[in-house]
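The structure under discussion appears below in the form of structure tokens.
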Protein chains: 2
Amino acid sequence: MPVNAANALGKRRSLLHETRCQNCSLSSLCLPLALELEDMEQFDAIIRRRSPLKKGESLFRQGSAFSSVFAVRSGSLKQVTTEGSGEDQVTNFYLPSELVGLDGIDEQTYPGSVIALETTTVCEIPFDRLDHLSEQLPELRGQLYRSMSKELRDDRKMMRLLSRKTADQRLASFFTSLSDRFRRRGYSPYSFRLSMSRADIGNYLGLAVETVSRILGRFQQQGLVEVSGREVNILNLEALVAQAQDDH
Amino acid sequence: MPVNAANALGKRRSLLHETRCQNCSLSSLCLPLALELEDMEQFDAIIRRRSPLKKGESLFRQGSAFSSVFAVRSGSLKQVTTEGSGEDQVTNFYLPSELVGLDGIDEQTYPGSVIALETTTVCEIPFDRLDHLSEQLPELRGQLYRSMSKELRDDRKMMRLLSRKTADQRLASFFTSLSDRFRRRGYSPYSFRLSMSRADIGNYLGLAVETVSRILGRFQQQGLVEVSGREVNILNLEALVAQAQDDH
DNA sequence: CCACCTCCTTGATCTGCGTCATCCGAACAT
DNA sequence: ATGTTCGGATGACGCAGATCAAGGAGGTGG
């Protein structure tokens, strides 16, 4: 179809333009964060363009061969792992500037599928070239170590949430964490749109969908948030933060 | 006391002897795994000796400044994080050859205390020197990336366990995982001693101590294991593995 | 030998949240 | 409009596992 073709072309052009790290609004959060301009150009050179993913499309599938890590440029994704005959498990949500695929290095396959929750663009970074470049650029290497370390730290937080917190605390944590991540990215920490369904949230937090719904309703009654579909308005962030703490 | 002094001296001597990676029985599992002999000597040179930790002593405390990662040489440890006024949370157990402290890189402080569960010796690896060396030794760098990636992958497994598995499945997973780790280290996968208390296990798995006790009793009745205090004998590993799966 | 402590076990009761069932509204195709 | 599908809300009920309570076993010091 001619309309689509024109569309795709337009997208490709803007991608080409934006794809340079120097011009990217996320450069202060992303991997090249610590790089000097000329180093950034080296880094820039190994990055591959990717056409945008539509909602529901996967960046890669569980079990496929590991080759690259990806930096989210816009949109959002979820990581889903399927084990045996069991149900799926949502293990992570990724927002712009975050790094996807780091858990694939070890066994050279991706341990989960990563699926776009909305139209999403990513930068592909072939890992062998990244590794090689990290030999020459200590700052890049450090940033890579830090990214992985941060993910480890976040995972520990998640474990704590899953093993010690009540359903209310989990939801409160989820919202305050999202709020914080939006704030860091320059968006409003009070008003945002959830790109994931209630089912995804419940699955991620280890709760039934019904529980998520009920608690969201309760939060609304208590005047903590205003929720309408996927639009969220945080009315009392402090109270929400207090709720998220694990002492009663 | 002269007896202690003699003892300590003896320990120091044997430490000096064993402390070379070339002589270490764990070298096939540990960080220098992929190194050639001459590279290993370089790596060896940055490692610091540590006198053994006694049961209950901490390798480092939550919040203290990050400077090194540690490889466990013998014994075992637990990682514990305390948050707010809340209870402690056991987030990991470490066995010989495993790397401790990688989650401290990011914020330059250790996110949890790490405490010896029995008499334990570790190798201290100052991180700045490790990083620097990883610039020259691609194999070492790769191994470091892989270690972190593996930990990420294991964390995801743990999240799945905590959010989807029943108490029985958690305990079964715990035992099969321990069994597997012992096997890899050349110990019997069927017969071993738990260095952690029931309370530690429960805390780690998100269960009450009482639940751990009850289920251990049930496993015993079913002829899956034989447990007496901290001595464990796995009688039917296959059945235990089946139990650990998350489909009923 | 006894007192004390820590770790573990076992039983009785309670409860948070999962499960099941139903219904509502929005988006989309017919 | 009308049916269909999908995401979300709400109510009733039951159960896995927490909590409370009590007792046993081993280890250590007096």
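So you know, we letter chains A, B, ... as the sequences are listed, proteins then strands, and number each from 1. Values below: every heavy atom of this structure, side chains too, minus hydrogens, waters and symmetry copies.
Nucleic acid contact class of A/Arg230 (heavy atoms, under 4.0 Å, all strands): sugar-phosphate only.
B/Met196 places its CE atom 15 Å from the C1' atom of C/dC7, with the value rounded to the nearest Å. In this structure, the CZ atom of A/Phe219 is 15 Å from the P atom of D/dT10, given to the nearest Å. In this structure, A/Asp168 places its CG atom 16 Å from P of C/dT15, rounding to the nearest Å. Here the P atom of nucleotide D/dA18 and the NZ atom of A/Lys165 are 18 Å apart, to the nearest Å. In this entry the distance linking CD of A/Gln220 with P of D/dT10 reads 9 Å, nearest Å. Atom pair A/Leu171:CG and D/dA9:P shows a separation of 11 Å (rounding to whole Å applied). In this structure, the CD atom of A/Glu87 is 13 Å from the C1' atom of C/dG18, given to the nearest Å. Rounded to an integer number of Å, the gap from CZ of A/Arg193 to C1' of D/dG7 is 12 Å.
Between B/Lys150 and A/Glu107 there is no salt bridge, since no side-chain nitrogen of the basic residue lies less than 4.0 Å from a carboxylate oxygen of the acidic one.
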Only distances under 3.5 Å count here; give the side-chain donor-acceptor pairs of residues 222-236 of chain A to other protein atoms, sequence neighbours excluded, each with its distance to 0.1 Å.
residue: A/Arg230; atom: NH1; partner: A/Ser195; partner atom: O; Å: 3.3
residue: A/Glu231; atom: OE2; partner: A/Arg193; partner atom: NE; Å: 3.2
residue: A/Asn236; atom: OD1; partner: A/Ala239; partner atom: N; Å: 3.1

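Nearer to the 5' terminus of DNA chain C, by closest-nucleotide assignment, is the contact made by B/Gly217 (compared with the other of B/Gly217 and A/Ile215).
Using a 3.5 Å distance cut-off with no hydrogens or angles, the side chains of A/Thr119 and A/Lys55 do not pair a donor with an acceptor. Side-chain contact, B/Ser149 with A/Asp103: no donor N or O sits under 3.5 Å from an acceptor N or O.
Checked options B/Thr91, B/Asp200, B/Asp88; the residue passing with B/Lys78 is B/Asp200 (criterion: side chain to side chain donor-acceptor pair (under 3.5 Å)). Of the options B/Leu53, B/Leu117, B/Asn92, B/Ile115, a side chain to side chain contact (heavy atoms under 4.5 Å, CB included) to B/Leu77 is made by B/Leu53 and by none of the others.
Aromatic rings of A/Tyr204 and A/Phe93 (six-membered ring for Trp) have centroids within the 6.0 Å cut-off, being under it. For B/Phe60 and B/Phe70, the ring centers are positioned less than 6.0 Å apart.
Axis orientation changes by 30° from one end of the helix from C/dC1-D/dG30 to C/dT30-D/dA1 to the other, with each end axis drawn from 5 pairs and the value rounded to 10°.
Interface residues of residues 200-214 of chain A facing DNA chain C, ordered by number: A/Gly206, A/Leu207, A/Ala208, A/Glu210, A/Thr211, A/Arg214; criterion, heavy-atom separation under 4.0 Å.
Residues B/Gln89 and A/Arg164 have side chains in contact (heavy-atom distance under 4.5 Å, counting atoms from C-beta outward).
For D/dG8, the OP1/OP2 oxygens have a side-chain nitrogen or oxygen of A/Arg198 closer than 4.0 Å.
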